[in-house]
Trainee: 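Have a look at the structure that comes next, please.
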Amino acid sequence: MSHFTTIKTKCTNQDLLVKSIQQIGYVAKIGKFNCRGYQGNKTTVDILISLKGGYDIGFVYKDNNYEMVADWWGINEIDETEFIQSLNQQYSIFSTTQELQNKGFSLDQETLSNGTVRLVARKLG
């Protein structure tokens, strides 16, 4: 019996997703990989975060978005909610920054004491 859970994300850009994963402290591999779960079960993913202990976190590109796939039942070293929140926050920062820079804005970033990130955009020229 598989324990894999699939969570839809709003991540559409592979480069920004990988950069976000790296920013929050994990190594992401791009390609076709087997994501490991309960009792040796595996599922194929496009981006893989290899973890110690026989379980992984993966991402599958489907319908123009990435879905996160993991057997959270066996992942003890990472809190699922914190991981998802951190990843979503970082991806939002990177995608917003990229979009605003493409439109000619300069950005300053400040992290507040409660963890909130504030971006200040200024139009150049």
Side-chain angles (χ1 to χ4, degrees):
M1 180 176 153
S2 176
H3 291 107
F4 284 106
T5 302
T6 300
I7 300 171
K8 293 184 180 185
T9 74
K10 295 188 182 205
C11 301
T12 58
N13 183 302
Q14 182 185 64
D15 293 336
L16 294 181
L17 176 56
V18 169
K19 186 176 173 183
S20 298
I21 291 167
Q22 293 169 340
Q23 184 68 28
I24 64 171
Y26 299 94
V27 175
K29 296 186 277 188
I30 301 168
K32 292 292 181 187
F33 298 97
N34 285 322
C35 183
R36 303 170 298 158
Y38 178 71
Q39 291 188 339
N41 288 325
K42 297 176 182 170
T43 187
T44 303
V45 296
D46 301 307
I47 298 172
L48 180 72
I49 301 171
S50 295
L51 302 174
K52 298 175 186 171
Y55 291 78
D56 301 316
I57 301 171
F59 294 85
V60 176
Y61 191 69
K62 184 177 178 184
D63 299 327
N64 297 318
N65 285 304
Y66 281 91
E67 295 180 343
M68 182 171 46
V69 179
D71 183 349
W72 288 102
W73 179 84
I75 299 174
N76 298 318
E77 67 268 24
I78 300 172
D79 179 85
E80 177 182 2
T81 302
E82 288 178 19
F83 178 83
I84 293 167
Q85 288 174 345
S86 295
L87 183 64
N88 284 336
Q89 181 184 43
Q90 196 58 59
Y91 185 86
S92 295
I93 291 166
F94 284 144
S95 61
T96 300
T97 299
Q98 182 181 55
E99 185 66 26
L100 288 171
Q101 286 175 338
N102 289 344
K103 292 183 178 185
F105 288 86
S106 68
L107 291 165
D108 291 322
Q109 179 177 323
E110 176 185 4
T111 302
L112 305 178
S113 60
N114 66 359
T116 301
V117 175
R118 185 171 78 175
L119 296 173
V120 178
R122 292 181 179 82
K123 184 73 172 173
L124 301 175

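Residues: numbered from 1 along the sequence shown. Since we're looking at a predicted model, the values are computed, not measured.
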Trainee: Roughly how far, to the nearest 0.5 Å, is CD of Gln98 from CG of Asp15?
Mentor: 8.5 Å

Trainee: Any chance you could lay out the side-chain contact (heavy atoms from CB on, under 4.5 Å) test for Ile21 and Ile49, step after step, and finish with the verdict?
Mentor: CA-CA 8 Å; Ile21 291 167; Ile49 301 171; 3.6 Å; yes

Trainee: Of the non-hydrogen atoms in Gly58 and Cys35, which two are nearest, and what is the gap between them?
Mentor: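 Between these two residues, the closest heavy atoms are N-SG, 3.7 Å.
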
Trainee: I want to check something: taking the side chain as every heavy atom from C-beta on, are Glu110 and Val120 in contact at a cut-off of under 4.5 Å?
Mentor: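 Not in contact.
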
Trainee: Does Asp63 CG have over 12 foreign heavy atoms under 6.0 Å away?
Mentor: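 For Asp63, atom CG is not crowded (no more than 12 foreign heavy atoms under 6.0 Å).
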
Trainee: Measure from NZ or CZ of Lys62 to the centre of the six-membered ring of Tyr66 and say whether it is under 6.0 Å with the direction within 45° of the ring axis.
Mentor: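 No.
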
Trainee: If you compare all heavy atoms of Val18 against all heavy atoms of Ile47, which two are closest, and at what distance to 0.1 Å?
Mentor: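 Residues Val18 and Ile47, closest heavy atoms: CG2-CD1, 4.0 Å.
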
Trainee: How far does CD of Glu80 sit from CH2 of Trp72, to the nearest 0.5 angstrom?
Mentor: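 CH2 of Trp72 is found 5.5 Å from CD of Glu80.
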
Trainee: Do any N or O atoms from the side chain of Tyr38 and from the backbone of Tyr55 form a donor-acceptor pair under 3.5 angstrom?
Mentor: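 No.
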
Trainee: Nearest 0.5 angstrom please: Gln23 CD to Leu16 CG, how far?
Mentor: 12.0 Å

Trainee: If you measure from CD1 on Ile7 to OG1 on Thr9, what distance do you get to the nearest 0.5 Å?
Mentor: 9.5 Å

Trainee: Considering all heavy atoms of both residues, which atom of Tyr91 and which atom of Lys10 are nearest to each other, and what is their separation?
Mentor: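 Looking at all heavy atoms of both residues, the closest pair is CE2-O, 4.0 Å.
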
Trainee: For the pair Asp108 and Arg122, find out whether any cationic side-chain nitrogen is under 4.0 Å from an anionic carboxylate oxygen.
Mentor: yes

Trainee: Got a sec, which residues hit ring-ring contact (aromatic ring centres under 6.0 Å, His included) with Tyr26, two or more places apart in sequence or on another chain?
Mentor: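 With sequence neighbours excluded, Tyr26 shows a ring-ring contact (aromatic ring centres under 6.0 Å, His included) to Phe83, given in chain and number order.
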
Trainee: Linking I/L/V/M/F/W/Y whenever their side-chain heavy atoms sit closer than 4.5 Å, directly or via other members, would Ile93 and Ile24 fall into one cluster?
Mentor: no

Trainee: Taking all atoms of both residues into account, what is the closest heavy-atom pair of Asp71 and His3, and its distance?
Mentor: OD1-CB, 3.0 Å

Trainee: Return yes if some donor-acceptor pair links the side-chain N/O of Asp56 with the main-chain N/O of Leu51 below 3.5 Å, else return no.
Mentor: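 It does hold such a pair.
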
Trainee: About how many Å separate CG of Leu48 and CD1 of Ile57, when rounded to the nearest 0.5 Å?
Mentor: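 The CG atom of Leu48 is 9.5 Å from CD1 of Ile57, to the nearest 0.5 Å.
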
Trainee: Can you see which heavy atom on Val69 is nearest to which on Val45, and at what distance?
Mentor: CB-CG1, 4.4 Å

Trainee: Using the test ring-ring contact (aromatic ring centres under 6.0 Å, His included), find all partners of Phe59 that sit at least two apart in sequence or belong to another chain.
Mentor: none

Trainee: Return the minimal non-hydrogen interatomic distance between Thr111 and Val117, and the atom names on each side.
Mentor: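 Between these two residues, the closest heavy atoms are OG1-CG2, 4.0 Å.
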
Trainee: Nearest 0.5 Å, what's the CG-CZ distance between Asn41 and Arg36?
Mentor: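 Output value for this atom pair is 12.5 Å.
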
Trainee: Less than 4.5 Å apart, side chain to side chain, heavy atoms only: is that true for Ile84 and Glu82?
Mentor: no

Trainee: Taking side-chain contact (heavy atoms from CB on, under 4.5 Å) as the test, write out the residues that go with Thr96, two or more places apart.
Mentor: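 Once residues adjacent in sequence are excluded, the partners of Thr96 under the side-chain contact (heavy atoms from CB on, under 4.5 Å) criterion are Leu100, Leu119.
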
Trainee: Keeping the roles fixed (side chain from Lys19, backbone from Gln14), state whether a donor-acceptor pair exists under 3.5 Å.
Mentor: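 Checking the backbone N and O of Gln14 against the side chain of Lys19, no donor-acceptor pair under 3.5 Å is found.
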
